[in-house]
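These notes are about the structure you will find just below.
Quick note on labels: first sequence line is chain A, next is B, and so on, each numbered from 1.
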There are 2 protein chains.
Amino acid sequence: MTDPRFSTKQRILGAAEDLFARRGFAGASLRQVTSAAKVNLAAVNYHFGSKDRLIEEVFRRRLDELNAGRLAALKRALANPRPELEDVLAAFINPALELCLDKEGGAAFVRVLARAYAEHNERLRKFLSDNYGHVLKEFAAAFAKLLPHLDKEELYWRLDIVAGAVTYAMADFGVIKRRSGQSEREFRERAAEHLIRFAAAGLRE
Amino acid sequence: MTDPRFSTKQRILGAAEDLFARRGFAGASLRQVTSAAKVNLAAVNYHFGSKDRLIEEVFRRRLDELNAGRLAALKRALANPRPELEDVLAAFINPALELCLDKEGGAAFVRVLARAYAEHNERLRKFLSDNYGHVLKEFAAAFAKLLPHLDKEELYWRLDIVAGAVTYAMADFGVIKRRSGQSEREFRERAAEHLIRFAAAGLRE
DNA sequence: CAACGCTTCAAACAAACGTTTGAATTCTAG
DNA sequence: CTAGAATTCAAACGTTTGTTTGAAGCGTTG
């Protein structure tokens with residue numbers, strides 16, 4: 001994050017991601033961010049314009065890739081002539097899991113994402129819905145085909161619950177801690193497995 | 001909230017609850033709180049000592065009652081010789097639902113509670129676990145009896161997922177909006193029904 | 001090397017922050 | 001009615017906040 005191989009912009013984004021995850025958008029100051037990134041305070045306003053726009057860029061950097069991954073995984077799942085419910089769930093969850101495990105700062109970002117929900121910030125919600133709403137639409141359509149016994153309202157309710165459970169579990173808000181012998185990857189993969197099985201059961205009824 | 005029938009202390013707690021829900025703990029300032037409560041700025045430090053202790057009191061005021069309600073409902077559910085899984089889930093969820101619907105500011109508080117999860121704040125987590133951890137233990141024991149086919153680890157995973165879904169749904173982080181013809185009460189009760197059915201299916205597998 | 005645009009920098013800005021103070025006011029006993 | 005405690009109040013404390021400024025440094029291009 002402070003690695004001088006990375007550009008000033010990247011270092012700021014990395015430090016902001018980490019601090020927003022740990023202290024929230026209001027709780028993390030630009031001085032804390034720039035000091036962690038080892039850049040000058042004014043660099044944020046030079047490169048991003050304002051703190052609000054920095055927050056948006058923290059989202060954009062990850063979500064473009066995450067949502068592309070989710071759509072690609074969905075496409076692969078639906079290539080199968082008789083896709084299983086679990087496959088579509090995995091198409092939604094696994095790219096987020098990979099983000100957590102493989103990308104530097106990915107785990108922090110997932111917590112930032114969960115914070116965005118809690119913020120209830122209209123500006124932020126509009127930004128997310130404008131830029132990434134179509135992804136959720138495509139998944140909703142796929143689930144609708146696999147669950148023809150559910151009417152539209154019933155389906156939306158359940159998807160909303162699934163989204164909540166996924167967000168919460170990925171951000172490890174829960175109380176379950178990784179066991180000492182267990183690797184971070186093992187732990188996360190187990191969490192995803194449980195999540196998929198649980199959500200599938202709840203969706204099917 | 002600004003009603004002069006209420007004491008200074010109560011007005012501060014009410015205003016703080018509302019503003020913490022909307023802007024977070026760091027995002028809501030004591031000046032905003034005292035101005036909304038129509039009390040003097042210094043009143044917070046006079047009555048509570050500090051902002052941190054005000055935050056704790058916002059939790060304590062509601063959680064004492066909420067958790068007492070949950071334990072009472074659990075006891076009633078277990079009075080039945082063959083209690084259903086749905087009854088225990090309802091014992092956990094319905095008191096939170098009542099808080100949302102019947103208590104002034106209850107809906108705001110549920111969102112404050114969801115923020116506490118997002119905060120990952122060690123001090124806050126310890127406070128909550130010290131004061132209300134025993135409630136979760138009792139529910140876990142009740143679920144364990146009803147789901148003997150699940151080993152301890154499996155059960156804890158699923159309860160963690162349920163807790164996440166409940167928190168998320170109660171704080172209405174989701175995208176589902178109340179229909180125009182529907183009352184807040186109807187809407188919330190539907191949400192709780194869906195939640196119980198979904199969670200029961202996921203727990204039973 | 002000179003001139004240029006891009007980036008970094010230390011310093012300062014006004015505003016807002018949590019907290020403290022000491023005097024004014026209100027309430028409560030005796 | 002009065003003494004003393006409890007509460008409210010305006011004002012100020014020293015920090016920290018996001019943002020702006022103008023000069024200094026940098027690498028590229030003519």
- Distance, rounded to the nearest Å, where A:R31 contributes CZ and C:dC9 contributes C1': 14 Å
- Footprint ends on DNA chain D, 5' to 3', for atoms under 4.0 angstrom from a heavy atom of chain A, come out as D:dT17 to D:dT21
- Roughly how many Å is it from CD1 in A:I12 to C1' in C:dT7, rounded to a whole number? 11 Å
- Value in whole Å for how far the P atom of C:dC6 lies from OH of A:Y46: 7 Å
- Task: Let me see the working for A:L54 and A:L30 under side chain to side chain contact (heavy atoms under 4.5 Å, CB included), right down to the final yes or no.
- Result: CA-CA 10 Å; A:L54 168 61; A:L30 293 186; 4.1 Å; yes
- Roughly how many Å is it from CG in A:N40 to P in C:dC9, rounded to a whole number? 5 Å
- Item | Short side-chain N/O contact from A:T8 to OP1 or OP2 of C:dT7, under 4.0 Å | no
- From CG of A:N45 across to P of C:dC9 the rounded distance in Å is 15 Å
- Item | A:K9 and A:E57 ion-paired at < 4.0 Å | no
- B:R115 bridged to A:E119 by N-O distance under 4.0 Å: yes
- Item | B:H194: side chain to side chain donor-acceptor pair (under 3.5 Å) partners, not counting sequence neighbours | A:E154
- Message: Students often get this wrong, so: under 4.0 angstrom with heavy atoms, is B:A42 touching a base, only sugar-phosphate, or nothing?
- Response: base
- Query: Under 4.0 Å between a Lys/Arg side-chain N and an Asp/Glu carboxylate O for B:R70 and B:E98?
  - Reply: no
- Message: Between the side chains of A:R53 and A:E56, is the shortest nitrogen-to-carboxylate-oxygen separation below 4.0 Å, so that they form an ion pair?
- Response: no
- Message: Can you measure A:K9 atom NZ to C:dC6 atom P for me and round it to whole angstrom units?
- Response: 13 Å
